[in-house]
Amino acid sequence: QLQLVESGGGLVQPGGSLRLSCTASGSTLNSYAIGWFRQAPGKERERVSCITRIGVTNYADSVKGRFTISRDNAKNTVYLQMSSLKPEDTAVYFCAADPQSGLLESSRCPTRYDHWGQGTTVTVSS
């Protein structure tokens, strides 16, 4: 069964950058779409970004122009490069995966994800 582990979280100053990693085991990520989500205390979970099996990406309006999602199938890893970080980006960040097949399905991000990591905490503060 696919397992996901996030890493790269930590404390960063406003305006700084951080790169999160989502590394898979038990299967290869080249058959999966990957989403990045975040949840802060008292707030609902938010989808930050996603990338399909064939590399089509989407971003929440709140992070467009600041975050970049990418994948390295050789390393079985998906990244979330975060720049120009703001205090409101503070949250626990999760990655999630769902299998995809076919060109049409693989051109759109899933609405549901079956596999989730444990999360990594990002704190943006002075």
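Numbering of residues begins at 1 and proceeds along the displayed sequence.
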Do any N or O atoms from the side chain of [X] and from the backbone of [Y] form a donor-acceptor pair under 3.5 angstrom?
X: Y59; Y: I69; answer: yes
X: R53; Y: S106; answer: no
X: R47; Y: T111; answer: no
X: R71; Y: L29; answer: yes
X: E6; Y: C95; answer: yes
X: Q100; Y: R108; answer: yes
X: Q81; Y: T68; answer: no
X: N76; Y: A24; answer: yes
X: S21; Y: Y79; answer: no

Do Y32 and V5 sit in one hydrophobic cluster, given that two such residues count as connected whenever their side-chain heavy atoms are within less than 4.5 Å of each other, even indirectly?
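The answer is no; the residues belong to distinct hydrophobic clusters.
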For this session: Say whether V92 and L18 are linked into one hydrophobic cluster, either directly or through other cluster members, by side-chain heavy-atom distances under 4.5 angstrom.
Result: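 No.
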Count the heavy atoms belonging to other residues, nucleotides or ligands that lie under 6.0 Å from [atom1] of [X], then report whether that count exceeds 12.
X: E46; atom1: CD; value: yes
X: E88; atom1: CD; value: yes
X: Q39; atom1: CD; value: yes

Provide the closest heavy-atom pair for [X] versus [Y] in the form atom of the first, atom of the second, distance.
X: L2; Y: A97; value: CD2-CB, 3.6 Å
X: S62; Y: R66; value: O-NH2, 2.9 Å
X: L80; Y: S49; value: CD1-CB, 4.2 Å
X: E105; Y: P99; value: OE2-O, 3.5 Å
X: Y113; Y: C50; value: OH-CB, 3.6 Å
X: A91; Y: A40; value: CB-N, 3.9 Å

[atom1] of [X] to [atom2] of [Y]: how many Å apart, nearest 0.5 Å?
X: Q118; Y: S7; atom1: CD; atom2: OG; result: 13.5 Å
X: T23; Y: K75; atom1: OG1; atom2: NZ; result: 9.5 Å
X: L20; Y: F67; atom1: CG; atom2: CZ; result: 8.0 Å
X: C109; Y: I51; atom1: SG; atom2: CD1; result: 8.5 Å
X: K64; Y: N58; atom1: NZ; atom2: CG; result: 7.5 Å
X: I34; Y: H115; atom1: CD1; atom2: NE2; result: 9.5 Å

Walk me through it: do V12 and S17 pass the test side chain to side chain contact (heavy atoms under 4.5 Å, CB included)? CA-CA 7 Å; V12 64; S17 299; over 6 Å; no
task = Indicate yes or no: at least one non-hydrogen side-chain atom of L4 is less than 4.5 angstrom from one of F94.
result =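 Result no, sub-4.5 Å side-chain heavy-atom pair not found.
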| Side chains of T90 and T123: do they bring a donor and an acceptor to under 3.5 Å? |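 Checked: T90/T123 side chains show no N/O donor-acceptor pair below 3.5 Å.
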Next on the checklist: Ring centres under 6.0 Å, that's the criterion: do F37 and W116 meet it?
Outcome noted: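 Centroid distance F37-W116: below 6.0 Å, so yes.
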* To do: Inspect the contact between K86 and D89 and indicate whether a charged nitrogen and a carboxylate oxygen are less than 4.0 angstrom apart.
  =>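 So D89 does not pair with K86 through a salt bridge.
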